[in-house]
Amino acid sequence: MSVRELVVLGTASQVPTRHRNHNGYLLRWDGEGLLFDPGEGTQRQMLRAGVAAHDLNRLCVTHFHGDHSLGLAGVIQRINLDRVPHPITAHYPASGQRFFDRLRYSTAYRETVRLTEHPVAADGVLATTPAYTLEARLLSHPVESFGYRLVEPDTRRMLPDRLAAHGIAGPDVGRLQRAGELGGVRLDEVSEVRRGQRFAFVMDTRLCDGVHALADGADLLVIESTFLDEDVRLATEHGHLTAGQAAEVATAAGVRHLVLTHFSQRYSDPSVFERQARDAGFTGELTVARDLMRVPVPKRR
Ligand SMILES: [Zn+2]
């Protein structure tokens, strides 16, 4: 059984609170684990959430502010302590290489795992596997910030009744799939597009083209909403989004499940984020993230 779900490790911006750890998000995508923005305390949150170092394959950092990256030091050392048997790849803004170097080698430890550095210098595709394409897009924040998205390739689903109507059966089905045509019957006459699933991770940023491009058609969008709408001026000034802005992006992009997170400690009632997102017109599934919650990628339509 392939599992595709988000495990929320932390949801606080800037400073942790009694109920919210610094950022940290694990995406399980079939057999792989992608850890996004590990803030301070991520190693312990992983333990609490039942996530092992062995579950990690990629580390993806949007930018080098502490709430998104200070956990790298502990997580990388833990990966080595546990002698994770597979290689790990780290993605982060190339402009922050010196920060990554310091976090990777902040204290003494024995390196036992092959960790490949794959910094991001521009928009584009970072990796292609049979299960997904990983892309990055530049965001708009006081320090260089890149958002990420996973796009599963579209495939075709064969339609048994149409195959039968054309008298195609057995090994001929495979021949038709490979050749795209068999005895005058085209593949698109006997199959339909099975749309690949999409996951997007957007943080930290003010509104910009990258936000919309990342969110486009996402089944699951994790997006920062640091501020409430009444503080939109503060949000724009500091390079952040409000709940209403995040919801408008999600609506325009046709997002199915919207996860709001990265909340400022100045607000005490999380339900206001939900209300403002609804007031902004978002009608899909909506989650105001809490630490240690799990959010499944929505089932295919
Ligand atoms: Zn932040």
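These values consider heavy atoms only, across backbone and side chains, with no hydrogens, waters or symmetry-generated copies. Both counts, for ligands and for their atoms, begin at 1 and track the order of listing.
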N, O or S of His262 under 2.8 Å from the Zn ion (ligand 1) | yes
Residues Asp123, Arg137; criterion salt bridge (charged side-chain N to carboxylate O under 4.0 Å, His left out); working and verdict = CA-CA 5 Å; Asp123 290 355; Arg137 286 292 299 242; 3.1 Å; yes
Can you tell me if an N/O/S atom from Glu224 lies under 2.8 Å from the Zn ion (ligand 1)?
-> no
Assess whether atom CG of Asp279 is packed by more than 12 heavy atoms of other residues, nucleotides or ligands within 6.0 Å.
-> yes
Just give me the atom name: the N, O or S atom of Asp204 closest to the Zn ion (ligand 1).
-> OD2
Presence of N, O or S from Asp37 under 2.8 Å of the Zn ion (ligand 1) | no
Apply ring pair (Phe, Tyr, Trp, His ring centres under 6.0 Å) to the pair His22 and His68, showing each step before the final yes or no.
-> CA-CA 7 Å; His22 265 169; His68 299 258; 8.3 Å; no
Tell me, which N, O or S atom in Asp67 is closest to the Zn ion (ligand 1)?
-> OD2
Under 2.8 Å: N/O/S of His68 next to the Zn ion (ligand 1) = yes
Which one of Leu286, Val222, Leu220, Val297 satisfies the side-chain contact (heavy atoms from CB on, under 4.5 Å) criterion with His257?
-> Leu220
Counting only heavy atoms not in Arg266, do more than 12 fall under 6.0 Å of its CZ?
-> yes
